[in-house]
Structures are given as C-alpha cells and as structure tokens.
There are 2 protein chains.
Amino acid sequence: MPFKIGELAKATDTQAVTIRFYEKEGLLRQPERTGAGYRLYSEEDVERLHFIRRCRQHGMNLAEIRELLAFRDSPAPSCGWIGELVERHIAKVEEQIASLETLKAHLQALRGSCSGENGHCGIIDSLAHGAPCPCCEGLHCRLERRPPQE
Amino acid sequence: MPFKIGELAKATDTQAVTIRFYEKEGLLRQPERTGAGYRLYSEEDVERLHFIRRCRQHGMNLAEIRELLAFRDSPAPSCGWIGELVERHIAKVEEQIASLETLKAHLQALRGSCSGENGHCGIIDSLAHGAPCPCCEGLHCRLERRPPQE
DNA sequence: CTAGTCCCTATAGCGGCTATAAGGTCAAGC
DNA sequence: GCTTGACCTTATAGCCGCTATAGGGACTAG
C-alpha cells in the first residue's frame, strides 16, 4: 500500500525535490524507507502535503504553514487566531494590490512620455529625472523576483 | 567636489552596500579612489543611480535595467523597443493584480468557512480538502517572497 | 590619544525552491 | 546474464536583490 516519492509528487503536483526540501524543513515527517533507502509514504502524507501546497497557493510562507500544521497536529479548543491569520493575510494582499495599481498608473504615464521622435527618448528622461514612483517609496514592491515559470 | 559613498547613498536613498553591489554587477562604473581607497563619485553617478532606483521602483529587474542603461549610454535613433518594454511591464503588472484579486476572493471565502465553534476549525478543513486556490495554478503568485521591511 | 564615525573587503545568509553531478535500484526485454 | 531506462538517493551550488556579519583601516573632534 505505501508508495514512493514519485507517486506522492504526482498526487500533489509537487516536485520530488520540493518534497525532500519540506522534509528537511520539518514540514513533513521523516518517512519509512525501503531496504534500498527509498522513501515510503501513505495517504496521510498526501493529505498533509496537499494542505501545505494549498497554503502556499494562498501566499503563506513556510513559517506560517508550520504554525498551521502545529495546530492541525494538536488541535486546541479555540481557533480564533487562525481566522486572524487569514485576516492579516487578506490585508497584506490588499496592500499589494493597491501598490500595484499605483505602479500601473505610473507605468502608463511613463509609456506616454515618449513621442519616439527626434532621436531622444522621453521614457529614459523620465526615469532619470522624473518623480519617483509613489507606489513603493521604500522599494516595497518587488515584482518578478522570480519570473513565472514559462 | 567629488564625494564619498555615504553621500551618494544619502542622495539616492540607497544603502552603501547596495551601491557596491551595483558596481560589482556592472550597473555602476568603477569609481575613482582616494589614496586610502575610498570610492569617489560625481553628480553623474547620482543621476545614474537615481535612474537605476527609479527602474527598481517600477519593478524592473537588473537585467532589464542593464538594457536600459546600455541604451542610455549609447542612444540609438529609434527607441520604440523601450516603449514596448514598458508595455510588457504593464501587462505583467496587470496579470499580478488579477491574480491577487482572485487570491483575495479565495481568502475571504476561507475566512468565512469557520464558525469557531465545537472545537473544530473549518479553515483548516478547507485547506486540507477544499478546492485549490484558482489564482495561481502553478504557484505563480509567490507573495511575500521577502516581507516588506518593517 | 581615544572615541566615534565613516570607509574597506570578503563571506554567508535570506526564501523557496531549482539544477546539477554522481551514483544506487529495480523491472522489462534481449 | 546484460543492457536499457525509469526511478530513486545524497550533496552541493545557484537563482534574485539585496542584507548582515566579521574584521579591519582612515579620519575627525575633543
């Protein structure tokens, strides 16, 4: 009945390396091993990894996920703080959206600042001398730290 | 008239380490040095660094900035591709916004899924068994890769 | 002459993976 | 039995754009 890492990977749409990474990070338990040293998983692991991946899809970081897993592993009677965690999360997402909207407006203005004529680029000029982008005074909005895999 | 790295840092709201990093990356030239080895900068460097920081604020990565600087350093007659770069950039920002809006909706649904009663958390349940967040099938939306400095 | 502020280089770390190297294991087909 | 190929293992380095740390030198004011 137990299965190897490739199957867990397929079932959860996660790369095997990532699974081993989660194990090293303590998000997944150390699994049983076959005689040859292959990791062996069960349905329970599928569920746990699903949980982790859902959390990642919701933009939670590994520290937050660790907290949630700890709760899941030993449920306390009150879970109000989980709602609060989600709440805080929503607030962060809203901030990001607002920041990106401002950025977009600024980029649109930038795009319009060059006529493409007389061997001189207004965009370059604006970038050198124009007003700073108001969206992210402290360089908060780091887009594209990694490009979406294409 | 030339000034040291601290002054350049202050003038452009950039950390000295970051300036040295840009130099290593080839975005800033190797500056003159004092007898003691201190870097010496001019107004031109302020302008160039300003340019770089503006680009960063607009969410451009260092590779894109390198392209723009190359153009700035040796202006060609036609600069249509710069407009296109900005255009592509706007498209990416719009994608991000859309992705975040979907995420937000999903988080709000999640928040509503727990009554906080009978020692059992609906949010945890939804995360383990609910539908995946549609916003980022391939985990495209990596929020918070670095938290905004606080 | 000391304290404090600036500057220098070099190296490691952040998050969440991804990629690469170099090899072991197992089943199927010849 | 022997090869081929798909799978598994560990270990290490790299991605990006910095940030932090260690360990030191230079310069100024009191």
Rounded distance in Å - CD (A/Q30) to P (D/dT9): 12 Å
Rounded distance in Å - NZ (B/K10) to P (C/dT5): 12 Å
Find out whether A/L40 and A/R33 are in side-chain contact, i.e. whether some heavy atom of one side chain is under 4.5 Å from a heavy atom of the other. no
In this structure, how many angstroms lie between the P atom of D/dG14 and the CZ atom of A/F21, rounded? 18 Å
Out of C/dC8, D/dG17, C/dG16, which nucleotide sits closest to the side chain of A/L62? C/dG16
Among D/dC27, C/dC17, D/dC8, the one nearest any side-chain atom of B/A36 is D/dC27
What nucleotide among D/dC8, D/dT10, C/dT9 has an atom nearest to a side-chain atom of B/R33? C/dT9
How close or far is atom C1' of C/dG16 from atom CD of A/E23, stated in whole angstroms? 16 Å
Atom CG of B/L8 and atom C1' of C/dC6 are separated, to the nearest Å, by 15 Å
Please examine the side chains of B/F21 and B/L62, heavy atoms only from C-beta on, and report whether any two atoms are closer than 4.5 Å. yes
Quickly work out the A/R56 CZ to C/dG15 P distance and round it to whole Å. 12 Å
Can you find an N or O donor on one side and an acceptor on the other, under 3.5 Å apart, linking the side chain of A/Y38 with the base of C/dG24? yes
Nearest-Å distance for atom pair CD/C1', residues A/E32 and D/dC8: 17 Å
Can you tell me which nucleotide in D/dG17, C/dT18, C/dG16 comes closest to the side chain of A/Q15? C/dT18
Once you round it to whole Å, what is the distance between C1' of C/dG16 and CE of A/M60? 16 Å
Side-chain contact test, heavy atoms from C-beta onward, threshold under 4.5 Å: evaluate it for A/L8 versus A/R39 and give yes or no. no
Closest to the side chain of A/R53, out of D/dT19, D/dT9, C/dC17, is C/dC17
Relative to the 5' end of DNA chain C, which residue comes earlier, B/G6 or A/K4, by the nucleotide with the nearest heavy atom? B/G6
For a 4.5 angstrom cut-off between non-hydrogen side-chain atoms, does B/E23 reach B/D45? no
Is the distance from OP1 or OP2 of C/dC17 to the nearest side-chain N or O of A/Y22 less than 4.0 Å? yes
Would you say B/T18 places a side-chain N or O within less than 4.0 Å of OP1 or OP2 belonging to D/dT19? yes
Nearest heavy atom decides the nucleotide; on that basis, is A/K24 or A/L40 closer to the 5' end of DNA chain D? A/L40
Give one of base, sugar-phosphate or nothing for B/E25, where a contact means two heavy atoms less than 4.0 Å apart. nothing
Answer yes when B/K92 and B/E64 have at least one side-chain N-carboxylate O distance shorter than 4.0 Å, and no when they do not. yes
Toward the 5' end of DNA chain D, by each residue's nearest nucleotide, B/A63 or B/G35: B/A63
Please determine, for the side chain of A/V17, which listed nucleotide (D/dC18, C/dT18, C/dC6) has the closest atom? C/dT18
So A/R39, base contact, sugar-phosphate only, or nothing? Heavy-atom distance under 4.0 Å. sugar-phosphate
Is it the case that the side chains of A/R53 and A/Y22 hold a donor-acceptor pair, with the cut-off being a distance below 3.5 Å and no angle test? yes
